[in-house]
Protein chains: 2
Amino acid sequence: MTTATRQRSETAEQILDLAETLIQTRGYSAFSYQDIADALGIRKASIHYHFPSKADLGVAVIDRYIARFDSALNQIAADQTQSSMTMLDFYVQPYLLFAGTPDRVCLSAALAGEMLALPPQIRERVEHFFRTHQAWLTKILQRGVARGEFALQAPPPKVARMMFGALQGALLVKRATGDLSQIDDVIAVIKQQLAGPA
Amino acid sequence: MTTATRQRSETAEQILDLAETLIQTRGYSAFSYQDIADALGIRKASIHYHFPSKADLGVAVIDRYIARFDSALNQIAADQTQSSMTMLDFYVQPYLLFAGTPDRVCLSAALAGEMLALPPQIRERVEHFFRTHQAWLTKILQRGVARGEFALQAPPPKVARMMFGALQGALLVKRATGDLSQIDDVIAVIKQQLAGPA
DNA sequence: GTCTATACAAAGATAGAC
DNA sequence: GTCTATCTTTGTATAGAC
């Protein structure tokens with residue numbers, strides 16, 4: 001068992017949950033230990049006990065976020081009897097979940113907006129998240145092409161980039177405009193294009 | 001002549017330029033009057049003379065940003081002899097400009113990442129920016145379809161949403177990963193899809 | 001593991017001299 | 001229009017009692 005999976009106290013988990021939401025809605029720079037202390041009814045010093053510095057907390061939040069996605073991606077790829085489109089449908093589930101809320105975007109996208117204000121350890125992880133997801137999408141697209149399920153008009157890596165950017169951008173636009181149908185529309189257009197010319 | 005076009009002092013312009021860059025690279029919450037004072041070799045109080053509050057400065061920055069885009073969009077639409085694809089090529093110019101720098105994203109996308117931490121006046125403008133651009137893109141797509149230049153597999157408003165999100169997302173990913181080819185790839189894929197099935 | 005108390009720096013902002 | 005000086009609040013962080 002690695003360090004990443006060592007269990008955490010109940011309070012630590014609550015702190016992580018709240019910090020994740022705060023970063024997604026207000027950004028890393030704009031949230032404070034005080035915000036969390038108020039919400040949980042504890043003192044700032046107690047949070048420092050669990051996460052000595054704000055950077056430590058930020059790293060823990062994104063590491064957990066990444067781990068959740070990694071687990072989901074592995075699960076999807078585990079069942080090779082599925083169609084590639086079904087795999088993509090599973091992939092976009094988290095985006096649809098965020099889409100259902102008025103104020104949530106992908107944690108990594110929120111962080112990417114303030115990239116140069118982030119501690120280096122956090123920056124690295126945002127970069128890792130983006131690279132990993134685009135690579136994963138590329139693999140699914142290649143699989144779909146190989147199996148004759150997709151008819152792409154551009155190389156899989158480029159289509160993967162377009163898809164990933166469109167999903168992340170759609171969440172940002174959704175929140176800013178308050179129009180929750182943004183992601184549904186974007187996903188619909190993407191899927192139609194993968195299916196190939198009618 | 002409207003208020004928006006009233007001329008500003010040289011110092012005020014320098015402050016706006018720097019604030020714009022700082023918001024694009026570090027975000028609204030993370031930049032301070034001190035950052036600007038240091039860079040310009042002036043005092044914080046001097047900035048407060050030109051822009052009483054941080055919200056005032058933020059509003060001035062995004063208003064100028066929006067005005068620049070509005071002007072560009074109007075210019076593009078002014079010459080109706082152009083092809084719709086040419087109009088789109090002009091539209092993506094600013095994105096390509098940002099794409100050439102390692103750390104710039106669209107001002108509105110940076111702000112969208114920390115939406116709930118923004119003063120209401122700024123939030124409104126981000127929303128306005130997103131709505132305006134998607135509406136403009138929709139009009140160009142409709143024009144292209146009407147003139148037989150584009151063969152879309154989905155309704156123009158939805159394709160416009162996908163395109164816009166993809167462009168914004170591409171800039172964020174570009175900065176996070178450091179791969180400047182992200183936008184070129186995304187634009188290439190988008191254009192190929194507009195041209196219709198081969 | 002949580003608290004009180006406190007240190008220390010930075011932020012946004014204002015008053016008033018020049 | 002810019003400066004010095006100052007105020008107030010907030011943010012991150014630590015020491016040490018319970």
Side-chain angles (χ1 to χ4, degrees), chain A residues 3 6-62 110-111 113-114 116-123, chain B residues 3 6-62 110-111 113-114 116-123:
Chain A
T3 315
R6 199 183 295 118
Q7 77 201 36
R8 262 185 281 249
S9 76
E10 180 63 23
T11 306
E13 292 290 353
Q14 288 181 306
I15 293 169
L16 285 174
D17 289 342
L18 244 159
E20 183 174 322
T21 301
L22 286 168
I23 296 174
Q24 284 180 317
T25 54
R26 308 176 46 79
Y28 178 82
S29 302
F31 95 90
S32 74
Y33 274 37
Q34 191 64 59
D35 295 331
I36 297 174
D38 291 345
L40 294 186
I42 59 178
R43 298 292 162 174
K44 286 191 290 177
S46 305
I47 305 174
H48 280 286
Y49 167 79
H50 295 282
F51 305 98
S53 77
K54 190 179 178 180
D56 291 327
L57 175 53
V59 166
V61 167
I62 191 165
L111 291 169
E114 46 184 341
L116 271 63
L118 302 176
Q121 316 102 287
I122 298 186
R123 259 190 249 185
Chain B
T3 316
R6 201 182 295 118
Q7 77 203 34
R8 261 187 281 249
S9 77
E10 180 63 22
T11 306
E13 291 290 353
Q14 288 180 306
I15 293 170
L16 286 173
D17 289 342
L18 244 160
E20 182 173 322
T21 301
L22 285 168
I23 295 174
Q24 283 180 317
T25 54
R26 308 175 46 80
Y28 178 80
S29 303
F31 97 90
S32 73
Y33 274 37
Q34 192 64 59
D35 295 331
I36 296 174
D38 290 344
L40 294 186
I42 58 178
R43 299 291 163 175
K44 285 194 292 176
S46 306
I47 305 173
H48 279 286
Y49 167 78
H50 295 283
F51 304 97
S53 77
K54 191 179 179 181
D56 292 327
L57 174 53
V59 166
V61 167
I62 192 165
L111 291 169
E114 46 184 342
L116 271 62
L118 302 176
Q121 316 102 285
I122 298 185
R123 260 190 246 185

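Chain A is the first sequence line, chain B the second, and so forth, proteins listed ahead of strands; every chain is numbered from 1.
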Colleague: Does a side-chain heavy-atom distance below 4.5 Å link B:F31 with B:I36?
Modeller: yes
Colleague: Let me know the distance between CG of A:L40 and P of C:dG1, rounded to the nearest Å.
Modeller: 15 Å
Colleague: Looking only at side-chain atoms of B:T11, point me to the closest of D:dT4, D:dT14, D:dT2.
Modeller: D:dT2
Colleague: Atom CZ of A:R26 to atom P of D:dT10: distance rounded to whole Å?
Modeller: 13 Å
Colleague: Is there a donor-acceptor contact under 3.5 Å from the side chain of B:E114 to the main chain of B:S29?
Modeller: yes
Colleague: For B:S46 and D:dC3, is the shortest distance between a side-chain N/O and OP1 or OP2 below 4.0 Å?
Modeller: yes
Colleague: Closest approach to the side chain of B:S9, judged atom by atom: which nucleotide of C:dT14, C:dA13, D:dG1 is it?
Modeller: D:dG1
Colleague: Between C:dG12, D:dT2, D:dA15, which nucleotide has the shortest distance from any of its atoms to the side chain of B:K44?
Modeller: C:dG12
Colleague: Out of D:dA5, C:dA13, C:dC3, which nucleotide sits closest to the side chain of B:H48?
Modeller: C:dA13
Colleague: Rounding to an integer number of Å, can you tell me how far A:Q14 CD sits from C:dG1 P?
Modeller: 13 Å
Colleague: Report the distance from atom CD1 of A:I15 to atom P of C:dG1, rounded to the nearest whole Å.
Modeller: 11 Å
Colleague: Whole-Å distance between C:dA10 C1' and B:I36 CD1?
Modeller: 15 Å
Colleague: Minimum heavy-atom separation for A:F51 and A:Y33, please, with both atom names.
Modeller: O-OH, 2.8 Å
Colleague: Would you indicate which nucleotide in C:dG12, D:dC3, D:dT14 comes nearest to any side-chain atom of B:Y33?
Modeller: C:dG12
Colleague: Could you state the atom-to-atom distance from CG of A:D35 to C1' of D:dT10 in whole Å?
Modeller: 11 Å
Colleague: Compare the minimum distances between each of D:dG11, D:dT2, D:dA5 and the side chain of B:H50, then state the nucleotide with the smallest one.
Modeller: D:dT2
Colleague: May I have the distance from A:D56 (atom CG) to D:dA13 (atom C1'), rounded to whole angstrom?
Modeller: 12 Å
Colleague: Nearest-Å distance, CG (A:L57) to P (D:dA13)?
Modeller: 10 Å
Colleague: Is there a donor-acceptor contact under 3.5 Å from the side chain of A:D56 to the main chain of A:S53?
Modeller: yes
Colleague: Nearest to the side chain of B:Y49, heavy atoms from C-beta on, is which of C:dT2, C:dG12, D:dG1?
Modeller: D:dG1
Colleague: What's the closest nucleotide to the A:R43 side chain, out of D:dA13, C:dT4, C:dT14?
Modeller: C:dT4
Colleague: Would you classify B:F31 as touching base, sugar-phosphate or nothing, given that sugar-phosphate means primed atoms plus P, OP1 and OP2, and contacts are heavy atoms under 4.0 Å?
Modeller: sugar-phosphate
Colleague: Whether B:S53 contacts C:dG12 is assessed here as follows: a side-chain N or O lying under 4.0 Å from the phosphate OP1 or OP2. Is that the case?
Modeller: no
Colleague: Is any side-chain heavy atom of B:L16 closer than 4.5 Å to one of B:L57?
Modeller: yes
